[in-house]
Amino acid sequence: MMSTDVSLKLDTQYIFHPKLGPHGLTQEQIGELEPRVGKILQEIAEERARGEHGFRELPHKKPQLDEIKQMVAELHDFAENLLVLGIGGSALGNIALQTALNPSTYNLMPRTLRGGPRLFVLDNIDPVHFEAVMQVIGDDWSETLVNVITKSGETAETSAQFLIVRDRLIHALGKDEFMNNLIVTTDTEKGTMRGIAEREGYRSLIMPDDVGGRFSVLSSVGLFSALMCGIDIDELLAGAAEMDQVVSDPNPLTNPAARIAMIHYLYDQSGKPMHVMMPYSQQLRDLADWYRQLWAESLGKIRGNDNENVGPTPIKALGATDQHSQLQLYREGPNDKVFTLLEVGEFECDSIIPQAFEDVETLNYLGRSSEGTLGGLLAAEKKATQLALRESQRPSLTIHFPEVNARTVGEFIYLYESVIPIMGKLYDINPYDQPAVELGKQLTFHFMGLKDYEEPPIDIDD
Ligand code: PA5
């Protein structure tokens with residue numbers, strides 16, 4: 001269990017359960033790894049004191065929080081649409097916050113109920129999707145605010161979208177006004193977008209230098225669009241700050257980030273390199289997507305000292321939906337996975353299942369049950385799936401959210417971010433870079449005719 005200071009609870013009983021047989025972990029295995037992880041926690045604390053692991057300071061230093069609040073106060077009322085242009089770490093956190101903390105039908109609701117602009121996060125360049133969103137915005141851009149988020153300022157996808165949207169803004173609002181509808185979130189000084197923002201007079205926010213894209217959701221990157229859409233960002237940061245206390249515990253046996261890291265590392269080393277995160281909550285679905293990028297880009301690496309390819313594979317699933325899609329594989333396919341189920345104690349609202357058809361037992365039991373609500377059914381299915389997994393000797397963890405709210409979401413984000421540097425040290429890799437995405441970017445530059453990339457970086461003839 002985590003400390004009582006945080007609301008999330010980590011339940012590892014189905015990692016150590018005897019029914020898992022050889023697929024369960026033992027306290028001895030954890031005990032053997034513990035001294036190493038103890039040293040790792042100490043190293044991380046020392047590095048942090050020297051200014052490394054910048055993301056850990058976000059809920060304390062709260063860079064630009066006042067500027068964000070001021071900007072939102074100024075822009076909130078006039079904006080009917082907020083268009084976020086970004087990809088990867090410059091988009092996934094924004095999407096996850098929105099779906100976790102606002103109704104799934106938010107964009108369809110009338111403004112008075114929404115309380116903020118409609119939010120469109122364009123994290124892909126599919127032209128059909130892009131133009132569909134443009135059609136919703138229409139020709140009058142006067143009530144549309146565009147937040148371009150790019151740390152490097154050179155990401156082809158975001159740059160292309162920016163060029164199109166800027167052109168449409170100029171067309172609609174004129175050369176002297178269009179800049180009022182643009183906000184750029186980018187690096188302090190470096191990067192193409194900073195120069196453009198200054199040259200054209202856009203509002204701008206700063207992406208902290210020492211925080212990488214996938215660790216940046218609790219910075220201006222995620223906070224601006226969240227606050228525009230009415231999310232309580234103070235609570236979000238407060239949840240993250242609370243979690244910091246818990247994941248700063250030097251004891252690996254009581255530090256939940258260390259425990260999660262140890263469990264996944266041990267399983268990866270013993271033939272379970274797949275990690276399925278399966279929220280039993282539609283609201284938490286995109287947090288699993290956010291986690292997938294965090295895990296994949298941070299941990300999938302070639303280890304420097306022996307050229308070994310390392311890193312567990314993150315998979316996202318959704319309960320109960322994927323019980324009818326993936327569970328067959330999960331129980332009878334290769335036993336190479338460990339599962340993390342996210343469960344919610346109390347849903348924001350619930351729907352009572354009415355009792356009807358007394359003569360049709362296969363319908364009647366649903367309304368008759370003391371758990372006869374949709375939330376009750378979802379909770380029963382989570383429990384059932386976890387036991388079914390256990391029967392097939394498939395290990396699983398549970399993260400329990402008493403409620404989905406800004407505080408628990410802040411806790412969750414900070415918890416999983418804090419697992420990463422521990423895993424990075426266990427694998428002996430740098431979790432903060434992503435060298436393998438470079439080649440694809442360079443080839444794209446070549447195909448799109450960027451100067452200095454006339455020669456492809458590799459042989460592309462065959
Ligand atoms: O986590 C990362 O660093 C990446 O996923 C980046 O966020 C992504 O590539 C977008 O980069 P940028 O913000 O520079 O446009």
Side-chain angles (χ1 to χ4, degrees), residues 52-56 58 63-64 83-97 121-126 130 146-166 182-197 202 204-226 286-301 311 313-314 316 413-414 416-421 423-424 429-445 448 450:
E52 295 176 41
H53 311 291
F55 76 89
R56 295 284 301 261
L58 290 175
Q64 289 214 302
L83 197 58
V84 170
L85 310 182
I87 199 164
S90 292
L92 290 167
N94 303 65
I95 297 170
L97 292 181
V121 183
L122 282 175
D123 70 336
N124 201 357
I125 42 172
D126 180 299
F130 182 85
V146 181
N147 183 199
V148 186
I149 308 180
T150 172
K151 190 171 168 83
S152 63
E154 287 170 6
T155 301
E157 296 89 340
T158 309
S159 301
Q161 290 177 341
F162 161 69
L163 290 170
I164 299 170
V165 165
R166 173 183 171 274
L182 267 162
I183 297 163
V184 164
T185 307
T186 191
D187 211 85
T188 337
E189 281 165 16
K190 297 183 295 228
T192 320
M193 271 327 272
R194 174 66 48 201
I196 301 269
Y202 312 152
S204 70
L205 289 167
I206 291 170
M207 272 175 99
D209 282 343
D210 57 348
V211 178
R214 57 191 174 273
F215 293 87
S216 69
V217 55
L218 298 177
S219 75
S220 57
V221 170
L223 298 182
F224 175 72
S225 64
D286 293 325
L287 268 177
D289 201 27
W290 166 86
Y291 137 83
R292 190 172 64 126
Q293 185 222 7
L294 179 73
W295 203 263
E297 269 195 351
S298 301
L299 300 174
K301 300 279 158 73
T313 298
K316 59 170 180 166
I413 288 171
Y414 200 87
Y416 270 85
E417 287 180 345
S418 301
V419 171
I420 297 294
M423 298 275 279
I429 50 99
N430 175 4
Y432 297 124
D433 64 3
Q434 54 283 327
V437 300
E438 277 312 307
L439 182 58
K441 281 190 194 172
Q442 289 168 6
L443 283 163
T444 303
F445 290 154
M448 294 299 285
L450 178 65

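Order of listing sets the numbers, starting from 1, for every ligand and every atom in it. For reference, positions follow the sequence shown, starting with 1.
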- Note on the structure: Only residue of T155, I196, T192 satisfying side-chain contact (heavy atoms from CB on, under 4.5 Å) with F162 is I196

When you pair each N or O of ligand 1 with protein N or O atoms, which pairs come out under 3.5 Å?
| unit_1 | atom_1 | unit_2 | atom_2 | d |
| --- | --- | --- | --- | --- |
| ligand 1 | 1 (O) | R214 | N | 2.9 |
| ligand 1 | 1 (O) | R214 | NH1 | 3.2 |
| ligand 1 | 1 (O) | Q293 | NE2 | 3.4 |
| ligand 1 | 1 (O) | E297 | OE1 | 3.2 |
| ligand 1 | 5 (O) | G89 | N | 3.3 |
| ligand 1 | 5 (O) | Q293 | NE2 | 2.6 |
| ligand 1 | 5 (O) | E297 | OE1 | 3.0 |
| ligand 1 | 7 (O) | G89 | N | 3.0 |
| ligand 1 | 11 (O) | T155 | OG1 | 3.4 |
| ligand 1 | 13 (O) | S90 | OG | 2.7 |
| ligand 1 | 13 (O) | K151 | N | 2.8 |
| ligand 1 | 14 (O) | K151 | N | 3.4 |
| ligand 1 | 14 (O) | S152 | N | 2.8 |
| ligand 1 | 14 (O) | S152 | OG | 2.7 |
| ligand 1 | 14 (O) | T155 | OG1 | 3.4 |
| ligand 1 | 15 (O) | T150 | OG1 | 2.7 |
| ligand 1 | 15 (O) | T155 | OG1 | 2.5 |

- Under 3.5 Å: donor-acceptor pair, side chain of N94, backbone of V221: yes

- Message: Checking the side chain of K301 only, and the main-chain atoms of D433 only, is there a donor and an acceptor separated by less than 3.5 Å?
- Response: yes

- Query: Roughly how far, to the nearest 0.5 Å, is the CZ atom of R194 from the NZ atom of K151?
  - Reply: 11.0 Å

- Sidechain-backbone polar pair: T185 side chain, L205 backbone, donor-acceptor under 3.5 Å: no

- Task: Go through the steps to decide whether Y432 and E52 satisfy the test side chain to side chain contact (heavy atoms under 4.5 Å, CB included), and finish with yes or no.
- Result: CA-CA 11 Å; Y432 297 124; E52 295 176 41; over 6 Å; no

